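Just so you know, ligand 1 is whichever comes first in the structure, and atom 1 is the first atom listed for that ligand. In this text the structure is predicted, and so the values were computed from the model without any measurement.
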Amino acid sequence: MSTSSPRKDQPTVLLCIGMAGSGKTTFMQRLNAHLHSKKRPPYVINLDPAVLKLPFTPNIDIRDTVNYKEVMKQYNLGPNGGILTSLNLFTTKFDQVLDFVNKRAPTLDHIIVDTPGQIEIFTWSASGAIITDALAATYPSVVAYIIDTPRTTSPATFMSNMLYACSILYKTKLPFILVFNKIDVVSHEFAIQWMTDFEAFQLALQKDTSYMSNLMNSMCMVLEEFYNNLKVVGVSAVTGEGIDEFFGAVDEAVKEYEEIY
Ligand code: GDP
Ligand code: MG
């Protein structure tokens, strides 16, 4: 973390992080459209070198700097290695990206950032940490952790997704919003219930898994503490439902951020 504190009148960074297919890019499109029509246009950064087509026009696109297929060939890598190496190469130039962002900052309220499809490429790499820290050192920054709600309805999957989110919270130490996406398909009510009613979740777990129950119970308790530290919203990136609520959570998160820094 940097020694200088971000200024309070700076734009807010929204980092979209989540499992592959959770809907990060679609959520970015929704944020972009919402901010264009209701607030000030955001500054948009794409950090996914492997995305084929983006449903929004980024101000900064990693694909303009590195060609991940060429990187794969040149360094003899598979797809994941190619994406990671592309992100590393891009990160060596991130000071230039920051210069661009800093120049535009006085006219901005939001900087929105899309991350690579595979979550660990961003969350468990030095590059991801460098980019996150560099942005958070200058701008109030919030993690929007996108969850594929329809694919998280089993208690064991839910718990592993929450543990993953928990690890990112502790790694980034940034204000955190759990964004239950795709509520046009499945409502996130079950998740709210599990997060607020410890016993309801334990009961669901017992029905779901007969093994490892002690370990599961202990993890439930860890998660209870985790839930106290975050905000939860349900959205549909496709229909736009819940987006106002999301921005409400962002405002609260920024306040928290200002108290910490
Ligand atoms: P990413 O890998 O996290 O960037 O995920 P994408 O944004 O590419 O979305 C993955 C898939 O989920 C695509 O087929 C999207 O159309 C779909 N998707 C994303 N958000 C929603 C949503 O809110 N509702 C529904 N029904 N589908 C969604
Ligand atoms: Mg994507």
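The presence of a protein heavy atom under 4.0 Å from atom 10 (C) of ligand 1 is confirmed. For atom 14 (O) of ligand 1, the nearest protein heavy atom is 4.0 Å or more away.
No salt bridge links K255 with E252; every basic N to acidic carboxylate O contact stays at or beyond 4.0 Å. We find that D109 and R40 are joined by a salt bridge, their nearest charged nitrogen and carboxylate oxygen being less than 4.0 Å apart. Looking at D148 and K182, a side-chain N of the basic residue comes within less than 4.0 Å of a carboxylate O on the acidic one, giving a salt bridge.
The Mg ion (ligand 2) has no N, O or S atom of M28 inside 2.8 Å of it.
Residue S236 has at least one heavy-atom neighbour below 4.0 Å for each of these atoms of ligand 1: 23 (O). Interface atoms of ligand 1 facing V185, defined by a heavy-atom separation under 4.0 Å, are 26 (N). Set against the non-hydrogen atoms of T26, the atoms of ligand 1 under 4.0 Å away are 6 (P), 7 (O), 9 (O), 15 (C), 19 (C), 20 (N).
Ring planes of F247 and H34: parallel class, angle under 30° (limits at 30 and 60°). Ring geometry, Y227 versus F158: the interplanar angle falls from 30° to 60°, so the pair is classed tilted. The aromatic rings of Y164 and W124 stand perpendicular to each other, their planes meeting at an angle above 60°, with 30° marking the opposite boundary.
Atom 17 (C) of ligand 1 has its closest protein heavy atom at K182 NZ, 3.9 Å. Of the protein's non-hydrogen atoms, D184 OD2, 2.9 Å is the one closest to atom 26 (N) of ligand 1. In terms of protein heavy-atom proximity, atom 23 (O) of ligand 1 is closest to A237 N, 2.9 Å. Nearest protein neighbour of atom 2 (O) of ligand 1, counting heavy atoms only, is G21 N, 3.0 Å. From the protein, the heavy atom lying nearest to atom 1 (P) of ligand 1 is K24 N, 3.5 Å.
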Begin with the C-alpha distance, continue with both residues' side-chain angles, and end with the deciding distance and a verdict on ring-ring contact (aromatic ring centres under 6.0 Å, His included) for H36 and F56. CA-CA 11 Å; H36 268 274; F56 49 81; over 10 Å; no
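Between G23 and ligand 1, at least one pair of N/O atoms sits closer than 3.5 Å.
Within the 4.0 Å heavy-atom criterion, the part of N181 lying near ligand 1 is the side chain and not the backbone.
Heavy atoms of S22 come nearer than 4.0 angstrom to ligand 1 in at least one pair.
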